[in-house]
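Treat the numbers as computed from the prediction; the structure is a model and nothing was measured.
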Amino acid sequence: MSTKERKKREKEQRRNAIIDAAEKVIFGKGIEHSTMDEIAHEAELSKGTLYLYFKNKNELYMAICKRGSDILNEKFSKLFSEELTGLELVGKMGEVYLRFVSENPGYFNAFMHYESMIEVEELRGSKIAELCEENLSRAMNYMVRALQVGMQDGSVDDSFDPKELSVMLWAGTRGITMMHHMREKGHHYKVIDEMEIDIGSLFDNFLTLLHKGMASEKVRQEENND
């Protein structure tokens, strides 16, 4: 290994170590109550070294967002290697997303923080922000691709526009996920409590509703006959 390659690898290892430290601090205290000093201490680096890799706390949090979306997209990608119809793919993607958010609330918080920063001046020209946006686009493209597979194999109603349908699916899934996530953080939804709705059941029925709404006539007839 050349000296240049070794230095590049060491730099990447240190960058990842900083992100690891930031996750530990921010996931534990929240972005608002975390400081670059605390992250530097956790990473066992000077604060000055931290700023060589990340301009500020928001950019570091975007790196966490990028890491989380990398992991999620990899999970989506693996689904396409399975023997699934397009309709089954869409359902599996929903399950993977909901499970990921439930098991990784810290990454979901990072996703939400990034979305809230969309119009912030500091995002302009940020390579990390650009990569986060590419990951969001990649996730949406996976959904469009799954719908197109379903329309080709006859499992998804082809009267829908796959791009438009993917946005509706994303928005609906995100809304219910946000509700679940906020309740896990202690936020009180009085109307949901008054209706005595179980969030777990809500997830399952939402996925069932998606399945029935998108299924082709052929699939609906087959399921009615079973």
Side-chain angles (χ1 to χ4, degrees), residues 10-75 96-139 170-193 197-200 202-203:
E10 289 175 351
K11 184 176 181 180
E12 186 62 25
Q13 289 173 340
R14 178 168 290 180
R15 184 178 185 279
N16 284 324
I18 292 172
I19 298 173
D20 290 341
E23 285 187 0
K24 187 171 182 179
V25 173
I26 295 174
F27 288 178
K29 302 181 66 174
I31 182 68
E32 301 86 357
H33 304 293
S34 301
T35 67
M36 292 293 270
D37 284 315
E38 291 171 319
I39 294 169
H41 178 75
E42 181 64 37
E44 299 182 349
L45 297 169
S46 70
K47 189 176 177 180
T49 300
L50 216 62
Y51 282 112
L52 291 175
Y53 289 83
F54 299 98
K55 291 186 296 185
N56 50 48
K57 188 171 61 174
N58 273 334
E59 187 171 71
L60 185 46
Y61 204 28
M62 281 190 285
I64 293 175
C65 174
K66 196 263 181 184
R67 176 185 280 185
S69 57
D70 280 342
I71 296 170
L72 181 58
N73 277 339
E74 183 62 27
K75 291 179 180 295
V96 164
Y97 179 75
L98 295 173
R99 188 182 309 115
F100 179 83
V101 168
S102 179
E103 295 175 354
N104 302 277
Y107 283 135
F108 187 70
N109 280 332
F111 296 164
M112 296 300 100
H113 183 79
Y114 170 71
E115 290 185 18
S116 72
M117 292 175 60
I118 290 298
E119 299 300 327
V120 176
E121 181 68 28
E122 68 185 270
L123 292 182
R124 296 179 184 177
S126 169
K127 180 62 177 177
I128 300 176
E130 183 181 325
L131 293 173
C132 286
E133 196 64 23
E134 287 177 3
N135 272 357
L136 176 57
S137 178
R138 182 181 167 200
W170 174 78
T173 302
R174 184 184 179 283
I176 291 182
T177 303
M178 175 63 82
M179 184 185 298
H180 169 69
H181 182 70
M182 294 303 292
R183 287 196 73 183
E184 288 292 301
K185 292 177 67 176
H187 187 84
H188 182 60
Y189 282 95
K190 185 177 179 181
V191 65
I192 300 298
D193 293 337
I197 293 176
D198 176 73
I199 293 294
L202 185 65
F203 280 165

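Residue I31 holds its CD1 atom at 7.0 Å from CD1 of I64, rounded to the nearest 0.5 Å.
By the side chain to side chain contact (heavy atoms under 4.5 Å, CB included) test, S46 pairs with T49, sequence neighbours left out. Not counting sequence neighbours, the partners of E38 by the side chain to side chain contact (heavy atoms under 4.5 Å, CB included) test are V25, K29, S34, T35. Remark: E10 engages R6 in a salt bridge (Lys or Arg N to Asp or Glu O under 4.0 Å) (not counting sequence neighbours). Partners of K75 according to the salt bridge (Lys or Arg N to Asp or Glu O under 4.0 Å) rule, which considers only residues two or more places apart in sequence or in another chain, do not exist here. For K11, the side chain to side chain contact (heavy atoms under 4.5 Å, CB included) criterion is met by Y53, not counting sequence neighbours. Taking the side chain to side chain donor-acceptor pair (under 3.5 Å) definition, one finds that N73 meets it with nothing, sequence neighbours left out. A search for salt bridge (Lys or Arg N to Asp or Glu O under 4.0 Å) contacts involving K57 returns nothing, not counting sequence neighbours. R99 meets the side chain to side chain donor-acceptor pair (under 3.5 Å) test with no other residue; sequence neighbours excluded. Every residue two or more places apart in sequence or in another chain that forms a salt bridge (Lys or Arg N to Asp or Glu O under 4.0 Å) with R67 is listed here: D20, E23. Annotation: ring pair (Phe, Tyr, Trp, His ring centres under 6.0 Å) contacts of F111 (sequence neighbours excluded): none. Listed by chain and residue number, R15, I19, F54, I128 satisfy the side chain to side chain contact (heavy atoms under 4.5 Å, CB included) test with A63 (two or more places apart in sequence, or in another chain).
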Between H113 and C65, is the side chain to side chain contact (heavy atoms under 4.5 Å, CB included) condition met? List the steps.
CA-CA 9 Å; H113 183 79; C65 174; over 6 Å; no
Kindly indicate, with the supporting measurements, whether the criterion side chain to side chain contact (heavy atoms under 4.5 Å, CB included) is fulfilled by K127 and M62.
CA-CA 10 Å; K127 180 62 177 177; M62 281 190 285; over 6 Å; no
Does Y51 form a side chain to side chain contact (heavy atoms under 4.5 Å, CB included) with M36? I'd like the steps, not just the answer.
CA-CA 9 Å; Y51 282 112; M36 292 293 270; 3.6 Å; yes
Steps toward side chain to side chain contact (heavy atoms under 4.5 Å, CB included) verdict (V96, L72):
CA-CA 8 Å; V96 164; L72 181 58; 4.2 Å; yes
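Under the 4.5 Å side-chain criterion, counting only non-hydrogen atoms from C-beta, L50 is in contact with I18. Contact of the I26 side chain with the N109 side chain is not registered, since no non-hydrogen atoms from C-beta on lie closer than 4.5 Å.
Side chain of S69 to backbone of K66: a donor-acceptor contact under 3.5 angstrom is found.
Remark: E12 CD is packed, more than 12 non-hydrogen atoms of other residues, nucleotides or ligands lying under 6.0 Å away. The number of heavy-atom neighbours closer than 6.0 Å to CZ of R138, taken from other residues, nucleotides and ligands shown, is above 12.
For the ring-ring contact (aromatic ring centres under 6.0 Å, His included) criterion with F27, the lone passing option out of F108, Y61, Y107 is Y107.
The two residues C132 and Y114 have their closest heavy-atom pair at CB-CZ, 3.8 Å.
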